[in-house]
Amino acid sequence: MDWIRILTNAAGEIFAPATAAYALAAIGLNIHFGMTGLLNFGQAGFVLLGAYSYGISAIAGWPFWASILAAIGSALVFGVLLGIPTLKLRGDYLSIVTIAAAEIVRLVSRTTSLTWLTGGNSGLTKGDGYKDSFEALCPFPQGTTAIGPWEYDNCLSSSWWLRVCAWSAVAIGCFLVWLWMRSPWGRVLKGIREDEDAVRALGKNVYSYKMQALVLGGIGGAIAGIFYTMPSSIQADAMGRTMTFNIWTVLLLGGAATVFGPVLGSVLLWTVFMLVKSVLRDMDLGFITPTQSESFSWMLVGMTLMLLVIFRPQGILGDKKELAIDVR
Amino acid sequence: MSAETSRPPGDARAAVARALADVPREPGSAKPDPIIVADKVSRTFGGINAVEVEHLEVQRGAITALIGPNGAGKTTLFNLLTGFDRADTGTWSFEDRSVSGKSAAYMASLGMVRTFQLTKALSRMTVIDNMRLGATGQKGENVFTSLLPWLWRRQEEELTVRADELLARFKLDTKRQDFAGSLSGGQRKLLEMARALMTRPTMVMLDEPMAGVNPALTQSLLGHIQGLRDEGMTVLFVEHDMHMVRHISDWVVVMSEGRIVAEGPPTTIMQDQAVVDAYLGAHHDTDLGDDALLEEDVVEQYEAEAEAEEATQ
Ligand SMILES: Nc1ncnc2c1ncn2[C@@H]1O[C@H](COP(=O)(O)OP(=O)(O)OP(=O)(O)O)[C@@H](O)[C@H]1O
Ligand SMILES: [Mg+2]
């Protein structure tokens, strides 16, 4: 077994663009769930909309920042559409509607009748040119750079440039959440999480606050979509239910209602996942084929999620004291 | 309000008593200076008329007690007036403004704040944060300005000072940094009331504020409620303990089976025939504030008589 290669691969996941993207999506979900108590089971829908809106507008020749705004705008519209019918109802309804809505946008974006716009089944690829505006902004010279054992292109696809941008976005997200959590606005959200009727009785417009949280968290997901699809291609099926549950795992692993929980959760999940997958593949076990080893790793992710919720629902960074308060 | 604030405590009670002296002792009687006027308010729950109020006026600046047996519709009436439930029919106004069917947040922003029979402490927030949340008009509660702490830090400090004063008044200052979920039931009642006062209300509606609060603290709570009146606030509260009702209220409204069956000053209300009927069915000349009611044989005797009565029907 080539341990050096396995460990290098696994450690590469620590700062991979996908890890940053998951952290961003989980930061968004943290605004929903950790800060406000909204049960959004359709975060992948926001990710997908962000990715496609960015991709389609970039292909149409929009400048980079305009495409970013397109992604943000799509999350805003989607969030408002989801929120209007559900946020006045009990919490469960939001989860039902979001899970269904995320499936709808996935199925719509891959229908063949939309092939002219979304690429249909095969999605949008590098050849369509959706990466050009981003790569053109790259300040680094052409070519590849090796830092330690990791060597990536400077500007193209899964590049150093992408890593710098994605992790900067994560840092900005964490900073915003940190500011919000310590602000009166965050306090209102927390109050809503605990008991929205009590907050209503104090004269706050709960509906409006929940809408703000839903939209802001959704924007986190949409931005994540851009970085998630930049290294490879935009594929609707890569942003389905599995992704939603991975984002939940990331959030619960790191700790909901914490600032760095989503980042820690994402880094841990993806390095461990990569480690298990590579080890299983290298061990050359007779009874597990390479494809099965991937599925087995997914099973482990599911197990992790279950064990977490049962034994450490506050996550790694969560406040144990806060959890000791049983909510009556 | 400022005129009332300057009045020495105790005077308020006398003034309210004078104002209410000529009010007829009958259900739905008109008050000289009503803050709430409600007409034909009704709410049914699948066949049960939980609330069916023909007319109700609540005097401004007074402490009005709302009493009645379990299931009389007191909490439901509270819910309707404060916008937490929708009435089937009826109109009502608050401070001469028609507010029927308005949202709970809107009612609270007009200055009508309530507490709940089943206390709503925000468990995983500290006591002081519970209090801060109550303050209205906070600049930092906007999603954008919240990111610029220097815009709201001053205000935050000011309202923290006020919160600490209230906490001290309610003997919760030692619990300041604890999670509200770690408080006892009675302490939560106190916290909820203190938090409601953070909104600087003109009217407070308390649903059983004394339930589960220990007798020593009850005394001081009663003092606080009277203090609210002395500051010019209007108080409407639900309470089952007749001693307390008699002790602090200026006016008593009695509900039974959704209807208002009697109104009057606390000293004489319990002699009202309709009230006695509502509570005890047949027991006419009983003082419901009488300690004799607490003795077991009396209760048994009443129960036996009630059963006999039912059997004959
Ligand atoms: N959400 C509800 N669904 C169905 N019925 C209800 C509901 N809320 C109240 N009721 C019914 O309405 C009637 C009045 O209830 P309410 O809670 O207003 O009584 P209450 O006077 O506050 O009693 P208590 O003194 O016990 O608190 C009761 O018969 C109750 O069963
Ligand atoms: Mg009640």
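Sequence lines set the chain letters: A, B, ... in the order given, protein chains first and strands last, and positions in each chain run from 1.
- For residues 161-174 of chain B, a heavy-atom distance under 4.5 Å to chain A picks out no residue at all.
- More than 12 non-hydrogen atoms from other residues, nucleotides or ligands lie less than 6.0 angstrom from CZ of Phe116(B).
- Atom CZ in Arg187(A) sits 11.0 Å away from atom OG in Ser146(B) (nearest 0.5 Å).
- Contacts between Ala121(B) and chain A at a heavy-atom distance below 4.5 Å are absent for every atom of the residue.
- Contact record, Leu147(B) with Trp180(A): CD2-NE1, 3.4 Å, taken as the closest heavy-atom pair.
- Applying a 4.5 Å heavy-atom cutoff, the residues of residues 137-145 of chain B that approach chain A are Gln138(B), Gly140(B), Glu141(B), Asn142(B), Val143(B).
- Residues of residues 198-214 of chain A that come closer than 4.5 Å to chain B, counting heavy atoms only, are Ala198(A), Val199(A), Arg200(A), Ala201(A), Leu202(A), Gly203(A), Lys204(A), Asn205(A), Tyr209(A), Gln212(A), ordered by residue number.
- With 3.5 Å as the limit, one finds no donor-acceptor pair spanning the side chains of Ser183(A) and Trp152(B).
- When heavy atoms are compared at a cutoff of 4.5 Å, Thr82(B) does not approach chain A at all.
- A salt bridge is absent between Glu156(B) and Arg182(A); no separation between the charged side-chain nitrogens and carboxylate oxygens falls under 4.0 Å.
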Show, in sequence, the C-alpha distance, side-chain angles and deciding distance for Glu194(A) and Lys120(B), and conclude whether the side chain to side chain contact (heavy atoms under 4.5 Å, CB included) test is met.
CA-CA 9 Å; Glu194(A) 294 301 301; Lys120(B) 293 187 185 299; over 6 Å; no
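- Side-chain atoms of Arg193(A) and Met125(B), non-hydrogen and from C-beta on, never get closer than 4.5 Å to each other.
- Crowding of Leu307(A) atom CG: a count of heavy atoms from other residues, nucleotides or ligands under 6.0 Å exceeding 12.
- Against chain A, the residues from residues 91-106 of chain B that qualify, each with a non-hydrogen atom under 4.5 angstrom away, are Ala104(B), Ala105(B) in number order.
- Looking only at side-chain heavy atoms (C-beta outward), Lys190(A) and Leu122(B) stay at 4.5 Å or farther from each other.
- Heavy atoms of Leu176(A) lying under 4.5 Å from chain B belong to its backbone as well as its side chain.
- Heavy atoms from other residues, nucleotides or ligands lying under 6.0 Å from CZ of Phe175(A) number 12 at most.
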